[in-house]
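Note that ligands are numbered from 1 as they come in the structure, with each ligand's atoms numbered from 1 the same way.
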Amino acid sequence: MELQDSDKAKSLTEYTQVIIHEADRLQTLVDRLLEPHRKPREIGDVNIHEVCERVRSLILAEFPCGLQVVRDYDISIPDFRGDKEQIIQAVLNIAHNAAQVLAGESGRMAAGDAKIILKTRAARQVTLGKKRHRLALELHIADNGPGIPPEIADRIFYPLVSGREGGSGLGLTLAQTFVQQHDGVIEVQSQPGRTEFTLKFPLP
Ligand SMILES: Nc1ncnc2c1ncn2[C@@H]1O[C@H](COP(=O)(O)OP(=O)(O)OP(=O)(O)O)[C@@H](O)[C@H]1O
Ligand SMILES: [Mg+2]
């Protein structure tokens with residue numbers, strides 16, 4: 001009888017731990033999902049290369065060994081109006097996925113064969129959403145990783161879709177929200193050996 005009671009107590013404690021853990025996990029999910037709507041946007045001049053440089057140093061700080069983050073900038077691209085922190089978060093979420101996937105490929109970083117490219121270009125006469133713009137900015141974020149798993153490829157921007165152990169599947173959802181809030185779009189092309197996300201924003 002006593003033994004049964006202590007067993008019961010033990011499994012109750014375990015259940016309680018699971019509930020606490022899940023409640024914390026859900027709180028984190030909700031906090032992240034609400035983030036774009038929480039603070040008022042701070043609109044200013046955004047220089048896309050300052051954004052890229054910030055993202056580059058954040059990624060290199062987290063993956064200091066063997067990852068190359070190559071810049072290919074068209075520095076004639078003008079600033080545009082927007083919330084710089086939101087754009088940084090969007091680009092960081094995309095670049096961070098690439099770095100995580102590359103880090104998961106065993107030996108890849110150690111061999112110095114893991115590469116992310118940040119490339120900026122201006123494009124003329126671009127339709128974003130339904131609106132035509134005389135000038136637009138394109139930021140390409142490419143990696144030489146294994147590609148997006150085909151079984152989730154058409155759903156990666158949906159919340160909670162993840163191909164990663166322990167992934168919450170919110171990074172790209174948030175990136176898309178931030179980009180759309182700037183009248184921009186995200187496109188993606190992926191195959192084994194090369195994945196490329198393209199962000200497009202209207203330019204003044
Ligand atoms: N560059 C990439 N190469 C291969 N797969 C990718 C790449 N970018 C995204 N993915 C896939 O898309 C999934 C969804 O990405 P997303 O950033 O939305 O969520 P997550 O990284 O799983 O979790 P979170 O960003 O919330 O921590 C990833 O789990 C991964 O499987
Ligand atoms: Mg992510």
Nearest heavy atom to [atom] wins, so pick from [options].
atom: atom 8 (N) of ligand 1; options: L172, V188, N97, I94; answer: N97
atom: atom 1 (N) of ligand 1; options: T28, N144, D143, L33; answer: D143
atom: atom 23 (O) of ligand 1; options: P149, A153, G169, G171; answer: G169
atom: atom 11 (C) of ligand 1; options: I116, L102, I152; answer: I152
atom: atom 22 (O) of ligand 1; options: A175, S190, S162; answer: S162

Exercise for review: Name the closest protein heavy atom to atom 10 (N) of ligand 1, giving the residue it belongs to and the distance to 0.1 Å.
Suggested key: I148 CG1, 4.1 Å
**Study point:** Taking atom 26 (O) of ligand 1 as the reference point, the nearest protein heavy atom with its distance
**Key:** S168 OG, 2.6 Å
[X] side-chain N/O to [Y] backbone N/O, donor-acceptor pair under 3.5 Å:
X: R41; Y: Q181; result: yes
X: H96; Y: V55; result: no
X: N144; Y: D113; result: yes
X: T173; Y: F157; result: yes

Review point. Within a radius of less than 6.0 Å around CD1 of I75, do more than 12 heavy atoms belonging to other residues, nucleotides or ligands occur?
Key: no
Review point. Does CD belonging to E42 count more than 12 external heavy atoms closer than 6.0 Å?
Key: no
Check your understanding: According to the interplanar angle, ranging from 0 to 90°, do the rings of Y73 and H49 count as parallel (below 30°), tilted (30 to 60°) or perpendicular (above 60°)?
Key -> tilted
Please confirm whether [X] approaches ligand 1 to less than 4.0 Å, judged on its heavy atoms.
X: G147; result: yes
X: V161; result: yes
X: R32; result: yes

Flag [X] as yes when one of its N or O atoms lies below 3.5 Å from any N or O atom of ligand 1, and as no otherwise.
X: N93; result: no
X: T173; result: no
X: R164; result: yes
X: L170; result: yes

Roughly how far, to the nearest 0.5 Å, is the [atom2] atom of [Y] from the [atom1] atom of [X]?
X: D74; Y: L139; atom1: CG; atom2: CG; value: 12.0 Å
X: F197; Y: Q176; atom1: CZ; atom2: CD; value: 10.5 Å
X: T120; Y: I77; atom1: OG1; atom2: CD1; value: 4.0 Å

**Study point:** R25/E22 salt bridge by N-O under 4.0 Å criterion
**Key:** yes
**Study point:** Charged N-O contact under 4.0 Å between R194 and D143
**Key:** no
Atoms in ligand 1 flagged as close to [X], the criterion being non-hydrogen separation under 4.0 Å:
X: I156; value: 12 (O), 18 (O)
X: G167; value: 22 (O), 23 (O)
X: G163; value: 13 (C), 28 (C), 29 (O), 31 (O)

Revision key, fill the gap. Here the pair of heavy atoms bringing V69 nearest to R56 is O-NE, 2.8 Å
Exercise for review: Tally every protein N/O/S atom whose distance to the Mg ion (ligand 2) is less than 2.8 Å; waters are neither shown nor counted.
Suggested key: 1
Point to revise | Qualifying residue, where the test is side-chain hydrogen bond (donor to acceptor under 3.5 Å, both in side chains) with H140 and the options are Q189, K119, E196 | key: E196
